[in-house]
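Residues take their numbers from the sequence shown, with the count starting at 1. Bear in mind the structure is a predicted one, so any value in this text is a computation, not a measurement.
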Amino acid sequence: MEGVIEKVTAKVDRKADSVQVQGSPMPRYVTLLFAVACGMSVANIYFAQPLLDHLSSEFGIDYSIIGILITLTQIFYAIGLLLLVPLGDLLNQRRLIIGQMFLSVVALVIVGTASTSAVLFAGIAAVGLLAVVTQTIVAFAATMAAPAERGRVVGVVTSGIVIGILLARTIAGVLTDLAGWRSVYLVSAVFLFLLVCVLFRVLPNREREVKRLSYLQLLGSVLMLFAQERLLRIRSVLAMLIFAAFSILWTPLVLPLSAPPLYLSHTAIGAFGLAGVAGALAAARAGKLADRGYGQRTTGFALSLLLLSWLLISYTEQSLFALAIGIVLLDLAVQAVHVTNQSMIFTLGAEARSRLTAGYMVFYSIGSSAGSIASTYTYAHFGWEGVCLLGASVSALALVYWAVTRRVSVIPRK
């Protein structure tokens, strides 16, 4: 049996290795495996959001302080984008992905077995730092894919990220109700370890010719890419704006839904994440349109939907159906622009895809953080109407910015 497994694995490895040489399509199961890996990895940094009350009571941490856990995770995720993701252009990507995911398993076990608040905070920081493996996977998938299918592959893989973000809160709530908050991290560690074993078998061990740079030179070259590539700057700003709009919706959404006159339960509120998943899945086709040269048109159409979605979302207290449709449109629009952005910037140079991803995703983090802070402040002072107006304003700004910059075309690099 072992000999049969080794033969099958060798055949899979040879097939994956041949993608770049022969330009053959990437096997669909490999694309889906990448999407699952991304979804599971990114979900780890969102598990804590619905668990803050449990963590506060168990570790004796005041409510005014426990929220730092979420901020700490996002800070270390941003640090990982800058310090770890660029390594994909310098080191063997297979070893980098497997190594980071294995360390993520260790970090999850540390969180799930933490006995003091110091250990908890250290484990959460490590989880955030190592979750950036998702971006290394996206860059690796773009490298493995044939040029004609790169947008489609990127679309499927990044859909896994959005789905992981949206389902993390629901999964955490269900597992906590069944077996306590620690089960969330320990169950995730088990499944992530099994996934590491699968990836160890499936990922091709491809050695690339890379420029010999020191680590500091590698990090400095990320800034150089921004200076050299106008398309990267434009698409990064769009990422900042769309993910600000994304956070403006999702961060304070629980507040109006749990307050009068709606009084929805946490289970019912979590179900709205499923509407977001539907939008994210629908947007995976945006990558195919980018492959056909319709990236700019797709962006304009998606940003128009993003602006329209806030009109429906503003009727939250009058119609939950309108909210659900608005969520589908918003997540569809955000994911469509995100997929198109990455498909376009990945044409700027195969040798720098990890650094392009790192620089681009820094703007994603800035937008997400700013949107979260601005939305909670706005809700506290102006209510849900103020939040919707803020989200619509950011969405309109993104649409205007695209209209002004849309003539920047993509010039593929050899």
Side-chain angles (χ1 to χ4, degrees), residues 42-43 45-53 63 66-67 69-71 73-74 161-174 176 241-283 305-335 338 364 367-395 398:
V42 79
I45 65 177
Y46 290 91
F47 283 146
Q49 289 185 348
L51 306 179
L52 291 182
D53 54 343
Y63 278 131
I66 193 65
L69 270 178
I70 306 302
T71 305
T73 306
Q74 294 295 336
I161 296 176
V162 177
I163 292 171
I165 293 172
L166 294 171
L167 292 184
R169 301 171 183 86
T170 303
I171 294 171
V174 171
T176 299
L241 293 172
I242 62 171
F243 281 105
F246 183 86
S247 292
I248 288 170
L249 169 67
W250 285 105
T251 300
L253 182 60
V254 65
L255 301 177
L257 293 181
S258 59
L262 297 175
Y263 292 113
L264 295 185
S265 66
H266 285 284
T267 301
I269 293 171
F272 281 97
L274 299 178
V277 169
L281 288 173
L305 287 181
L306 180 61
L307 182 57
L308 175 63
S309 70
W310 286 105
L311 176 62
L312 296 169
I313 293 168
S314 67
Y315 286 96
T316 294
E317 295 184 354
Q318 291 77 33
S319 171
L320 293 179
F321 179 74
L323 172 63
I325 299 300
I327 287 175
V328 170
L329 292 180
L330 183 140
D331 281 10
L332 187 156
V334 169
Q335 178 67 357
H338 181 47
Y364 154 92
S368 296
S369 301
S372 296
I373 295 171
S375 62
T376 51
Y377 177 86
T378 301
Y379 185 83
H381 290 82
F382 305 102
W384 188 244
E385 294 79 6
V387 170
C388 292
L389 180 59
L390 175 64
S393 299
V394 173
S395 302

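With sequence neighbours excluded, the residues that form a ring-ring contact (aromatic ring centres under 6.0 Å, His included) with Phe243 are His338, Tyr364. Taking the side chain to side chain donor-acceptor pair (under 3.5 Å) definition, one finds that Ser395 meets it with Trp310, sequence neighbours left out. Residues satisfying the side-chain contact (heavy atoms from CB on, under 4.5 Å) criterion with Ser247, sequence neighbours excluded, are Thr251, Ser368, Ser372. Remark: Leu253 engages Leu249, Trp250, Leu257, Leu323, Ile327, Trp384 in a side-chain contact (heavy atoms from CB on, under 4.5 Å) (not counting sequence neighbours). Considering only residues two or more places apart in sequence or on other chains, Ala168 meets the side-chain contact (heavy atoms from CB on, under 4.5 Å) condition with Ala43, Tyr46, Phe47. Partners of Ser319 under the side-chain contact (heavy atoms from CB on, under 4.5 Å) rule, at least two apart in sequence or in another chain, are Phe321, Ala322. With sequence neighbours left out, the ring-ring contact (aromatic ring centres under 6.0 Å, His included) criterion links Tyr377 to His381.
Nearest heavy-atom pair across Thr378 and Leu390 is OG1-CD2, 3.6 Å. Counting all heavy atoms, side chain and backbone alike, Ile248 lies closest to Gly371 at CG1-O, 3.7 Å.
Atom OG of residue Ser393 and atom CG of residue Leu241 lie 12.0 Å apart, to the nearest 0.5 angstrom. Ser375 OG to Phe246 CZ: the interatomic distance, rounded to the nearest 0.5 Å, is 12.0 Å.
The shortest distance between side-chain heavy atoms of Leu330 and Leu306 falls below 4.5 Å. Counting only heavy atoms from C-beta outward, the side chains of Val387 and Ile313 never approach each other to under 4.5 Å.
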